[in-house]
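Chain identifiers are assigned alphabetically (A, B, ...) following the order of the sequence lines, protein sequences preceding nucleic acid strands; residue numbering begins at 1 within each chain. This one's a predicted model, so the numbers in the text were calculated from it and none came from an experiment. Just so it is clear, the values below take in all heavy atoms, side chains as well, and ignore hydrogens, waters and symmetry mates.
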2 protein chains.
Amino acid sequence: MESELACPIAPVVDLVFSRWTTPILWTLNQHGRMRFVELERRIGTITPKVLTQRLRQLERDGLITRTYHPEVPPRVEYEISELGRSLAPIFHNLAEWSKRNLPEVEKARSRYDR
Amino acid sequence: MESELACPIAPVVDLVFSRWTTPILWTLNQHGRMRFVELERRIGTITPKVLTQRLRQLERDGLITRTYHPEVPPRVEYEISELGRSLAPIFHNLAEWSKRNLPEVEKARSRYDR
DNA sequence: GTTAGTAGGTACCTAGAGGAAAGTGACTAT
DNA sequence: ATAGTCACTTTCCTCTAGGTACCTACTAAC
């Protein structure tokens, strides 16, 4: 994609901020190691198919690790990797920005809509 | 969306990191005030229709400002707002993370694909 | 008179992401 | 025998973001 030409952070945005990846990473970073269903329940509206897709992608990118326990019923645990954990400061900054500036965005919107 | 339940940064992600908004904000932050066509050319592959849509959205959210000069041919200038400029540190962090960790991601991918 | 340039608007269309629902395999508990 | 658990997988379907292509008004310049 040529948008990378104009924007050096496009690749990392694709990695971290595409649909569903942010809540997954956030949840794993916040609450630690977790099983598939627990993740599913915490995120709430995600379907198992999409959750699997995103988890595979995040595992391939090295941002999370997957541990399979061959039991019955099977148990799989997901955990944020060291690489994934290195995103924590960025998440923190975003949360800070959000707290500080989202009200401004709301005000701008109602100003614009008038 | 209930993903906001699990993830407090989901709203700001929607705002700043949805498709095309990142390169637009980045470019305006990097190169200052700019006309429509210049933005179009710098980003490269965006179509005017979508560029207009994204610019309207960013203006509504208060992240950029639009100045219309009623001349012929018309001249419109876009500029990042103070609110938008407050995202600069986050962009910087992302660029840093990218420089430091994208190679790791690449390595993880080839490891996974084997 | 026709071409070029600007900042879009409009109508149409398509690809692909994502949702819904059901199935799978292996075992366990009742 | 039946139901339930887990971690998916598969099939089908929908929906919409985004792309293509064309149109607009206005004037200067060639």
Item to check | B:Glu71 CD to D:dA28 P, straight-line distance once rounded to whole Å | outcome: 13 Å
Checklist entry - Going by an N to O cut-off under 4.0 Å, is there a salt bridge joining A:Arg109 and A:Glu106? => result yes
Checklist entry - Are more than 12 heavy atoms from other residues, nucleotides or ligands located less than 6.0 Å from atom CD of B:Glu82? => result no
Item to check | Salt-bridge present (B:Arg41, B:Glu38; N to O < 4.0 Å) | outcome: no
Checklist entry - Just how far, in rounded Å, is P of D:dC6 from CD of A:Glu77? => result 13 Å
Checklist outcome for this item: In whole angstroms, the gap separating C1' of C:dG8 from CZ of B:Arg54 amounts to 16 Å
Next on the checklist: Strictly below 4.0 Å: does B:Arg35 bring a side-chain N or O up to OP1 or OP2 of C:dG5?
Outcome noted: no
Checklist entry - Tell me: NE2 of B:His69 to C1' of C:dG8, nearest whole Å? => result 16 Å
Checklist entry - B:Trp20 has a side chain; which of D:dC6, D:dG19, C:dG9 sits nearest to it? => result D:dG19
Item to check | Length of the CZ-C1' vector between B:Arg19 and C:dA15, whole Å | outcome: 12 Å
Item to check | Minimum-distance nucleotide to B:Phe36 side chain [options: D:dG18, C:dG8, D:dC8] | outcome: C:dG8
Checklist entry - Within this structure, what is the CZ-to-C1' distance between A:Arg75 and D:dA7, rounded to whole angstrom? => result 13 Å
Next on the checklist: If you assign each of A:Pro48 and A:Val72 to its closest nucleotide in DNA chain C, which residue comes earlier from the 5' end?
Outcome noted: A:Pro48
Checklist entry - Could you go step by step and tell me if B:Leu83 and A:Trp97 meet the side chain to side chain contact (heavy atoms under 4.5 Å, CB included) rule? => result CA-CA 10 Å; B:Leu83 188 56; A:Trp97 192 94; 4.2 Å; yes
Next on the checklist: Distance check needed: D:dA7 C1' versus A:Tyr78 OH, whole Å only.
Outcome noted: 7 Å
Next on the checklist: Check this one for me: any side-chain N or O of B:Tyr68 less than 4.0 Å away from OP1 or OP2 of C:dT6?
Outcome noted: no
Item to check | Closest nucleotide among C:dG8, D:dG19, D:dC6 to the B:Arg66 side chain | outcome: C:dG8
Item to check | Rounded interatomic separation in angstrom, taking CD from A:Glu40 and C1' from C:dG19 | outcome: 13 Å
Item to check | Side-chain donor/acceptor of B:Lys49 to base of C:dG9, under 3.5 Å | outcome: no
Checklist entry - If you check every side-chain atom of A:Pro74, which of D:dC6, C:dG8, D:dG19 has the closest atom? => result D:dC6
Checklist outcome for this item: One should read off an interatomic distance between A:Asn93 CG and A:Ser98 OG, to the nearest 0.5 angstrom, of 12.0 Å
